[in-house]
Structure formats: C-alpha cells, structure tokens
Amino acid sequence: MSLPQISEFTVRRYANAKSFQRGEAYFEAGAVTTITQRGQQIQAEVEGNERLPYRISVDFDDKGVASAKCTCAYNFDGWCKHIVATILVTTRQPEIIEQRPTLEQLLDRLDHVQTQRLLQELVAEQPQLIDVIDQHVSWMTNPVPKPISTQPGRQISVNLAAIRGQVKQILRDAVRYFEEGYEEDPITEDLFSLVQTALEFSGQGESDNAIAILEAITSTCAENWAEVLEYGADNDEIAWELNLAWCEVILSTELTSEEKVDIQVSLEVWQDEWNADFSMTLDALRQGWDYPPLLRVLQGDISEMGVWERELPNYADDLALIRLKILERQERYQEYLYLAQAEGQTQEYLTMLGRLGRVEEALAAAETQMKSIEDAFALAKTLAEQGSLPEALDIALAGFNLPGSCQYELGIWTSDLAEALGHPQAALVALMAAFQVKPCFVDYQRMTELAGEKWESIKTELLRIIRTCRIWGVESAKVDIFLHEGLIEDAISTVTELSSYNSALIHRVMEAAVYHNPDWVIANARRRAEKIMDEGKAEYYGDAIAWLKKVRAAYIQSSRQADWSKYREKLIEIHTRKRKLMAMFKEPGMA
C-alpha cells in the first residue's frame, strides 16, 4: 500500500528548525536502523542517546500524516528529531521500507481460540501486559472518564527572570573580559554562586525553587553560550557543577512521573544545544531511590557490582557521594553504611562507623579496608572527636604506611595528639614523616626536643633528607636549618642558582658567608648586580646597589679594599652616562 507523498516543506512545518536540523543529521548518519510499513502506519527504530533505540510510529490518512509518536520524552514544539528522521526516510528512501501485514490482517488469520492462546502466550512472556489488558477490558466493558491529575503546581517564590538576567550579565561581562585580553575564566565562579543558591533552597526543603533555579541557569547558559564560545570559553566546569547540583536536587525531591519526563526532556535538549554531558543526572533521574539494585543494596544485599547492572560509569563515585550526603541528611545511617560499603566509599564508611560510636567495628574494618593515608586521617580525626584518642593515634600511625598526599598534614596532627597523650616517641615518628615531604625549621626544632639523647643520629637523618629534597619552595627551610647548624657551604649551595626574586634569602646567606667564603659572595653578588646594570633596568638600580654593597663588604672582610676601589672605578667608567645609577654610587656604604 502506497503512502501519501510528504514534502519536506510539510516536515519543516511540523517540526521546529532545531528538530528538523537534528533529524536530518540523524537521517544522514543512518540512525534509522529499522523501518516497516503496516498499512497506513510506519514503525521505525532510531538510535539516540539511550542504550536502546527509540521507537517511532507514524499514522497516515488520505491527507497526509494523521499522528506521529516517539518513545523519547520530547514534548516541545512539534515533532522530535527521531520522527523527522523517520519521515525523511519515507520521502527520500522509500525503497528501504519493509512491507509487513497490519494487525487486522494478522488477527484475521486466527480463530477465537487461537486469539486467546496468543494473548496468553504474550502475557506469559511479558507479565506486565496483564495490567494493560485488565485496564483496557475495564474501560471497554464499563467505561469511566479518566481522572484529571491532582498534582499541585510548583510553588516558586524566586524571581526567575532576575536569575536569567544574572546569567546573561555574567556571560556579557565575560565577553568584555576576554576582549580586554584576559585569559582566565571569569565565568565559572559567578555561576557557581548561583548554583549554590539552588542547593541552599534544596537543603531547606524548597525543592520547587531549587529546580526552577537550576532550570533557569542551565537553559540560559545553553541558549547564550555562543556569546563566549567564540572566545574559547570552556563549559566543562560549570556543566559538571550543574550535573552535581541537578543530581542532589532530583534525589532530594519527590517527583511525579510527569515532572521526571519534563526534566529528562530538558536535560536532553540542553545536552544537544550546549554540547554538555548530563548522563549522571539522567541516570539519577532514571534510578531515583526505587531502582531495584539500589533497593537491594540499601537493604544490605551487597553484590560485586554495587548499585549498577552494567559497567560502572566514570561518575559512579560522584553519584554515590551525593546519595550518601542525602542519606546522612535524612539520618538513614544504616542504609548509608550499606551504600558506602557497596560503592567502595571506604572513607565515608569508616568515618560514619566512628561517628555512630561503633568504634570496634570501625577499627576492625580499617584493618582490611583502609587503603589510603586520607582514609586513615579522616578516621583518626573522627575517633578523636568521639573521645577515642588512643585508637585515633593507632590509626593515624598506621596511615603513614599507606599511599596518599596528606602525609604532612597527618604528621603534624598526629604529633600534636601523641604529645598530648604523653607519647614523645610517636610524636617524633609523626613529625619525621611530615618533615620528609615538607621540611620546616620549626618542626626541626621540635624534633630536637623530642629526640633527647638520640638527637645526633636523628639529626644526621634529617640533614640527609633536606640535602636531597628537591621540592619547590623549601629553600627557606633549608637555609634556616643549615645556618642554624653552621653549615654555610650547604646554605651557599642552596641559594647560588636561585633567581634574584629570592634576594632576601640570598642576602641572608651572603651575610653569613662573608666571613666564611667571601669569594663566593663577591662572585655571586657581582653577577647579579652587573646583569641589572648592563640591561639598563633603571627601576632595578636600587637592587643592583644592594648587591654591590655585599661585594664591597666581602672585599673589605678579606682585606681587599684596593680591589673594591678598582672594581668600583671600572663600573663608573662603564655606566657613567646612567645618571640615576651614578647618583646611587654616592650613597653611604659605596665608597
């Protein structure tokens, strides 16, 4: 049976410009994977953003398209992109449409008994069909009007127009910022503040306001991002923050099925318009709190896959942390523990045990589950807050054997705790662990007191650590310690190649080295002064004079006054036309 001819003008009339553009792209990409005709109906499957393809049905009559439906949640102006792609197949590639019999033609082949058997077999394969059949039989035998939804509208008290205006102004300000030549991101921080406002409403139980604010921010960004995109603005950070906020608000709110559909449609549209990824939010929306694997976990049935039926997405940890935050807020502590354990959130699991006063359980779990120094630090602080100080010290000391990046912070914290408990040896061990990653003169002095008679051997190890330390920013600590110990050559080695940006530190070493190694002072200070003078950087002439005063002091200390005078006369001869510099040569201490 032939179909009425549908012109592309008609397709454009039924779909808005964006839907037509995206539908055409889907058609050209071959997203319409199957398409069949059954009488005056076209059925198709179109690959989209979901794991399963969308199903489309289009009914025709003599005048053209009578109705078009898609299983996607799109409910905006006109046809969705999946319907557009399907219609374009019928107009541009009708030869690929598979012809199949209609439902009436199929049923006409069956008698009454066969029809009943067919329905029974279908229900056996898909048990949920019995509810659909039951409902339709009731309507057919005793029809009643469908109830009108009694769901109340959203109670919104915030000024959404003002919020949209703020977002637009942030983007306009960013354009001016970029045009003035700045490269830093001027957008993210201001938008973060607006997102935080939504979370504050959610935390106060005002979910309608929270959702409305997030909708206003996300939609306005999606619609207006082109203004900053041409300047290279990146939406990754703000889109991720919105992702997190949407998840928290959605999972903190009891949404109707209609509201879920509305949010899903909006998120999918924003994904396309803004080139963002809201997969985590869509998963949170789809799963809610009634997702069967999640329900099993919350009841203590923990499997290897946790709450996921498929391969873990890269945002699994983030979504788990959001759920845990909400469970804690709702004081659902046992469910919190089950979920933390199932999702591998060790730190949250251990610290919640500690906060609940289940110290023995926390210590037992820590023996097998504690994997990082951060886990140990978090649990130790929790136990200390609960008054379990000896246990906190044991956990903290065990943490130094684990990988992680907070060794210095744990070391200082543990040292203070150990001293308070009267364990100087444990305090020394903790302070040495801190010193290994961040040498500090104050900590060095504290270890002098803690080590007592063992100081000489401890000092040897600490000096080895600091001599081999290549961490940026520890030069001051090195100089403090080397000068304290009278190790002038080590101090000289530390500062010799430093830039003059560290002039105060270099001057300190020169003052100490002038008696020990005046030749180094002369050579190093001359090099720095001559560089400034040769480059004619008048604004730095004062620094050059300061270096020259160090040169003079070293010449005089080594009884070479004549050498200084000769060097000074040579500089005057070379730079005599630099009047500002010559005036400085007449200052006290330069003769």
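Numbering of residues begins at 1 and proceeds along the displayed sequence. Because only heavy atoms are used, hydrogens play no part in the values below, and waters and symmetry mates are left out as well, while side chains stay in.
Counting non-hydrogen atoms of other residues, nucleotides and ligands closer than 6.0 Å to CD of Gln204 gives a total above 12. Shown here is Glu360, whose CD atom has no more than 12 heavy atoms of other residues, nucleotides or ligands within 6.0 Å. No more than 12 heavy atoms of other residues, nucleotides or ligands shown are found within 6.0 angstrom of OH on Tyr515. Atom CD of Glu535 sits in a crowded spot, with more than 12 heavy atoms from other residues, nucleotides or ligands closer than 6.0 Å. When the shell of 6.0 Å around NZ of Lys168 is examined, it contains 12 or fewer heavy atoms from other residues, nucleotides or ligands. A 6.0 Å sphere centred on CD of Glu311 holds no more than 12 heavy atoms belonging to other residues, nucleotides or ligands. Residue Asp563 qualifies as enclosed at atom CG: its count of foreign heavy atoms under 6.0 Å is above 12. Dense packing is recorded around CZ of Phe192, with more than 12 heavy atoms of other residues, nucleotides or ligands lying under 6.0 Å away.
Between the CH2 atom in Trp308 and the CD atom in Glu343 there is a gap of 7.5 Å [rounded to 0.5 Å]. In this structure, the separation between CG on Leu379 and CG on Leu350 is 5.5 Å, given to the nearest 0.5 Å. Distance OG1/Thr218 to CD1/Ile213: 11.0 Å, rounded to 0.5 Å. Going from atom CD1 of Ile481 over to atom CG of Leu462 covers 7.5 Å, rounded to the nearest 0.5 Å.
With contacts defined as side-chain heavy-atom distances shorter than 4.5 Å, the pair Ile572/Glu569 does not qualify. Side-chain contact between Met582 and Arg579: absent, with no pair of heavy atoms (C-beta onward) separated by less than 4.5 Å. Between Glu179 and Tyr231 the shortest side-chain heavy-atom distance falls below 4.5 Å. Here the side chains of Leu548 and Phe585 are in contact, with some heavy-atom distance below 4.5 Å. Inter-residue side-chain proximity for Val495 and Met510 is flagged as unmet; no heavy-atom pair is nearer than 4.5 Å.
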Quiz item: Given the rule in the side-chain contact (heavy atoms from CB on, under 4.5 Å) test, do Trp274 and Glu223 qualify, once you have shown the distances and angles that lead to the verdict?
Solution: CA-CA 8 Å; Trp274 199 19; Glu223 292 165 6; over 6 Å; no
Exercise. Would you check, one step at a time, whether the test side-chain contact (heavy atoms from CB on, under 4.5 Å) holds for Asn275 with Trp225?
Key: CA-CA 10 Å; Asn275 192 27; Trp225 199 259; over 6 Å; no
Quiz item: For Glu385 and Arg355, what are the C-alpha separation, side-chain angles and deciding distance, and is it a salt bridge (charged side-chain N to carboxylate O under 4.0 Å, His left out)?
Solution: CA-CA 8 Å; Glu385 290 167 1; Arg355 285 155 57 195; over 6 Å; no
Quiz item: salt bridge (charged side-chain N to carboxylate O under 4.0 Å, His left out) between Glu461 and Arg464: does it pass, once the steps are laid out?
Solution: CA-CA 5 Å; Glu461 174 62 14; Arg464 183 197 66 78; 2.7 Å; yes
Exercise. Could you please spell out the steps behind the side-chain contact (heavy atoms from CB on, under 4.5 Å) verdict for Ile471 and Lys438?
Key: CA-CA 8 Å; Ile471 301 172; Lys438 186 179 178 182; 5.8 Å; no
Quiz item: Can you check ring-ring contact (aromatic ring centres under 6.0 Å, His included) on Tyr444 and Trp455, steps first, answer last?
Solution: CA-CA 11 Å; Tyr444 184 87; Trp455 170 242; 5.3 Å; yes
Quiz item: What's the verdict on salt bridge (charged side-chain N to carboxylate O under 4.0 Å, His left out) for Arg508 and Asp480, showing C-alpha distance, side-chain angles and the deciding distance?
Solution: CA-CA 10 Å; Arg508 278 189 58 206; Asp480 287 337; 2.8 Å; yes
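Between Ala276 and Asn235, the shortest heavy-atom contact is CB-ND2, 4.3 Å. In terms of heavy atoms, Val297 sits closest to Gly306 at CG2-O, 3.6 Å. Contact detail for Ser405 and Ile373: the closest heavy-atom pair is N-CG2, 3.7 Å. The nearest pair of heavy atoms linking Ala434 to Gly411 is CB-CA, 4.0 Å. In this structure, Glu391 and Val359 approach most closely via the heavy-atom pair CG-CG1, 4.4 Å.
Of the possible donor and acceptor atoms, one in the side chain of Thr351 sits under 3.5 Å from a partner among the backbone N and O of Glu348. Between the side chain of Asn243 and the backbone N or O of Asp277 there is at least one donor-acceptor pair closer than 3.5 Å. Remark: the backbone N or O of Ala538 is paired with a side-chain donor or acceptor of Lys580 at under 3.5 angstrom. Using modelled atom types, one side-chain atom of Asp375 and one backbone atom of Lys371 make a donor-acceptor pair closer than 3.5 Å. Side-chain atoms of Gln345 do not come within 3.5 Å of backbone N or O of Leu321 as any donor-acceptor pair. Gln341 places no side-chain N or O within donor-acceptor distance of the main-chain N or O of Tyr349, the cut-off being under 3.5 Å. Ser219 contributes a side-chain N or O that, together with a main-chain N or O of Glu215, makes up a donor-acceptor pair within less than 3.5 Å. In terms of modelled atom types and a separation under 3.5 Å, the side chain of Ser558 and the main chain of Tyr555 share a donor-acceptor contact. Of the possible polar contacts, one joining the Thr382 side chain to the Ala378 backbone as a donor-acceptor pair under 3.5 Å is found. No donor-acceptor distance shorter than 3.5 angstrom exists from the side chain of Trp270 to the backbone of Phe278, with no hydrogens or angles considered.
For Glu409, there are no salt bridge (charged side-chain N to carboxylate O under 4.0 Å, His left out) partners two or more places apart in sequence or in a different chain. With sequence neighbours excluded, the residues that form a ring pair (Phe, Tyr, Trp, His ring centres under 6.0 Å) with Phe377 are Trp413.
Under a 4.0 Å N-O distance rule, the pair Glu456/Lys459 qualifies as a salt bridge. Between Lys325 and Glu248 there is a salt bridge, since at least one side-chain N of the basic residue sits less than 4.0 Å from a carboxylate O of the acidic one. The existence of a salt bridge linking Asp416 and Arg446 is confirmed by a sub-4.0 Å separation between a basic side-chain nitrogen and an acidic carboxylate oxygen. In summary, Asp173 and Arg176 engage in a salt bridge, as defined by a charged side-chain N under 4.0 Å from a carboxylate O. Salt bridge absent: Arg323 and Asp318 never bring a charged side-chain N and a carboxylate O closer than 4.0 Å.
For Arg526 and Tyr567, the positive end sits near the middle of the six-membered ring, less than 6.0 Å away and at most 45° from its axis.
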